[in-house]
Amino acid sequence: MSIYDTLNEQQKKGVFTTEGPVLLLAGAGSGKTRVLTTRIAYLIEEKKVNPWNIMAITFTNKAAGEMRERVENMVGFGSESIWVTTFHSTCVRILRRYIDRLGYDNHFTIYDTDDQKSVMKEVCKKLQIDTKQIKERSLLAAISAAKNELISPEKYEKNIMGDYSRKKISGVYYEYQAALRKNNALDFDDLLVKAVELFQSCPEILKDYQERFRYICVDEYQDTNTAQFELIRLLAEKYRNICVVGDDDQSIYKFRGANIRNILDFEKVYPEAVVIKLEQNYRSTQNVLDAANAIIGNNRSRKKKVLWTDKGIGSKIHLKQFENAYEEAEFVVDDISRKKRDGTAEYSDCAILYRTNAQARMLEERFVLQGIPYNVVGGTNFYARREIKDILAYLKTIDNGRDDLAVRRIINVPRRGIGLTTVLKVQDYAEEREISFYDAIREAEQIPALGKSTGKLTVFATMIQAFRSKQEVYGLTDLIKDVIVTTGYINELEASDEEDAQTRIENIDELISKAASFENATDQATLTDFLEEVALVADIDEMESDGGKVLLMTLHSAKGLEFPHVYMTGMEDGIFPSFMSIAADNPEEEIEEERRLAYVGITRAREDLTMTCAKQRMIRGETQYNAASRFVKEIPLELLDNRLTTRRKVLAAASVKNYTSPENRPYIAGGNTATFAAGGIGKGMPAMGVMPDYGEGDRVKHVKYGEGTVLALEQGPKDYQVTVNFDSAGQKIMYAAFAKLVKV
DNA sequence: TAGTTGGGTTTTTTT
DNA sequence: AACCCAACTA
């Protein structure tokens, strides 16, 4: 029996039609990833295509990783040379090699949303734009929209047509790009734009990649924007072996430029395309599918298809309305704990979905109260946290002194008594000479205006230079440890009475572990590689699956996942569909997008679906009274196990009081909310400067490097430095507090 | 220069 | 409710 026998007819067609353009319209749960991976295996095993010539592109690292793993399990070897990545990493890889052709340095850094905002703030200051009238974010949104459509500043300028606000944006767009270029930085959108630009201006480079990628597969095609479309179109132009997989009903990223026409008009761009529809669902029970079909059937702009299953009717959909969000959370958590007790479900079988990240908080409180393990996916990206960004700014500075933003971020963090006045003076000097901020610091002695700050700047520059030279000898992890010790970052945190100082320290510890595992997984792991990897992780990539925990996430994050038991909470008009979509200029269109989101949510459920809503809910400090979601009302009554009934609890008032005051919260022994919420075990920071229990000549053991002999142990300024000669890993110098060496 | 405080704003979703 | 920022004070 071969891997192809268990496929249905349509799936087989998808696997075997390897030549020419293919559009796979794959409904939710129809096994599209399976078709995609089997197709790749077929290309390699049967068609004898060199894995090197295959490209599979997705949106998240998680999806890419899963795809690679599945292909690996099917083909004997060679799978490691398939190019399986995300759009963004693909672009970075190409640009790292060739972006000098566009006048950038190949050592460019990648700016996240935070950095973009800082840049924009400066641009606005420079152009004297009042950010109270036009907000940075709306300017950035306009620029992002333009970039997604591959509209350059020049093109944008031509399209002003006398429109005042467009004229303003046009100027901002120019300045913003200039600022990025000066810092040798690209934002997320630039990654795509510049890759396309590169291909357009260097046909010989494009040709190389066209020769390489003879077979291209694109997952989640409905979420591609114009830039992504163009990138793929260029790459596929020569061989035209392009297979795109998507579901127009699951297009939920219009707000970030996804162009649903890419999938709807595929046959116009590729008239010879073979279109295959996958409508058999292997995931959910009939009741769940009927509900999904009933809801999505209300959308007008879509390719008609109806999902079916042979999994059986299954249980009905549960619908519950509560007085307020506390009771809603209480019910959901109780229900999950009941299922666990009954043996109906494990914690990891359950997922709670909501429209906005803020809705997680109340559920979290309840989980903590009941002592049930849970994990929140997303929210604030780990790498966007202040302490992490600070450390990364050091690394960026060490790696690429041209990123002024990074240098300015850390110039006075931890405090070195370098204030705004000094920074401005340095900046003036840098601007005058057209050099980078960091280079200006290195020339601090040449700046007469500085006065006694000069010394402080010199100390800073010397420290960075020292890191740079040590970098040659050190590994990545050692460098980070050195940075946090030498700069006194950890010391400052430990000394501070800030409430979440401990959490921050733990986060830094976590960063070190991430660096260590990156170092382990990559040979020749460079600082640049690490910074790049870190810049492109998505919330969902960080999800630990099957940690025996209930998962909480937004409906958007849930796309592509499935769970036996799904809870959709906050099913209220104004929350879901969101107020923004109801109040939009084009509500029909916006609500259709929300409806697709509802469709995505429902079709995550394998067996059991529960929808909940509350009559009353606090949003941004204001109490809102919401009716049940219109989407709920679109579900035929016979699919529900009950009518809408409100549960009223006498205890509600009392219990509300209980878990709003922190003192009354029964914490899990030995832990606290923060570590619990982060889903990690709080490892804490070992004390620094404490004499280790080993000495010169002793045999010790390290988590990563294994056993070795201590060659030297000397008291440094902050902590003991220990030099160990590891049997397999060679000689390493490390701080005793971090090395966590065990005497053997 | 650093820390505090009061006022104003806010994301809905994210690579 | 939470966060960010500008202005004010030590």
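Source: prediction; values computed, not measured. In what follows, every chain begins at residue 1, and chains take the letters A, B, ... in the order their sequences are listed.
Within the 4.0 angstrom heavy-atom criterion, only backbone atoms of the sugar-phosphate kind lie near A:S557; the bases stay farther away. Contact annotation for A:T422: backbone-only contact, meaning every heavy-atom pair under 4.0 Å involves sugar-phosphate atoms and none involves a base. Contacts of A:D539 with the nucleic acid, taken as non-hydrogen atoms under 4.0 Å apart, involve only primed sugar atoms and P, OP1 or OP2. Contacts of A:D189 with the nucleic acid, taken as non-hydrogen atoms under 4.0 Å apart, are absent.
The two residues A:F530 and A:L392 make their nearest non-hydrogen contact at CE2-CD2, 4.4 Å. Between A:S251 and A:D223, the closest heavy-atom pair is CA-OD1, 3.7 Å.
Annotation: side chain of A:I410 is not in contact with side chain of A:Y489 (no heavy-atom distance under 4.5 Å). Using a 4.5 Å cut-off on side-chain heavy atoms (C-beta onward), A:N324 and A:M618 make no contact.
Near DNA chain B, meaning a heavy atom under 4.0 Å from it, residues 578-592 of chain A has A:S578, A:M580 in order of number. DNA chain B lies under 4.0 Å from at least one heavy atom of each of the following residues of residues 244-259 of chain A: A:Y253, A:F255, A:R256.
Across the interface with DNA chain B, nearest-nucleotide mapping of A:K135 and A:L192 shows A:K135 to be the residue nearer the 5′ end. Nearest-nucleotide positions on DNA chain B for A:S453 and A:R620 put A:S453 closer to the 5' end.
With A:N412 contributing its side chain and A:I418 its backbone, the two residues share a donor-acceptor pair below 3.5 Å. A distance-only check finds a donor-acceptor pair linking the side chain of A:E593 to the backbone of A:K254 [under 3.5 Å].
Between A:F199 and A:Y209, the ring centre distance stays below 6.0 Å.
On the nucleic acid side, DNA chain B has its first and last nucleotide under 4.0 Å of a heavy atom of chain A at B:dT1 to B:dT15, going 5' to 3'.
Contacts of A:A535 classified as side-chain contact (heavy atoms from CB on, under 4.5 Å), with partners at least two apart in sequence or in another chain: A:I110.
A salt bridge links A:E66 and A:K62; the closest N-O separation between the charged side-chain nitrogens and carboxylate oxygens is under 4.0 Å. Ion pairing between A:R630 and A:D573 holds under the 4.0 Å rule for side-chain N and carboxylate O. A:K32 has no carboxylate O lying under 4.0 Å from a charged side-chain N of A:D247, or vice versa, which leaves the two without a salt bridge.
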Protein heavy-atom contacts under 4.0 Å, written 5' to 3' over nucleotides 4-10 of chain C as B (base), S (sugar-phosphate only) or - (none), form the string -S-----
Show me the donor-acceptor pairs within less than 3.5 Å that the side chains of residues 138-149 of chain A make with the rest of the protein, sequence neighbours left out.
residue, atom, partner, partner atom, Å
A:S138, OG, A:K135, O, 2.9
A:S144, OG, A:D189, OD2, 2.9
A:K147, NZ, A:Q177, OE1, 2.7
A:K147, NZ, A:D187, OD1, 3.3
A:K147, NZ, A:D187, OD2, 2.7
A:K147, NZ, A:D190, OD1, 2.9
A:K147, NZ, A:D190, OD2, 3.3
A:N148, OD1, A:N225, ND2, 3.2
A:N148, ND2, A:S144, O, 3.2
A:N148, ND2, A:R256, O, 3.2
A:E149, OE1, A:T226, OG1, 3.0
A:E149, OE2, A:T226, OG1, 3.2

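A cation-pi contact links A:K514 to A:F382, judged by a cut-off of 6.0 Å to the six-membered ring centre and 45° from its axis.
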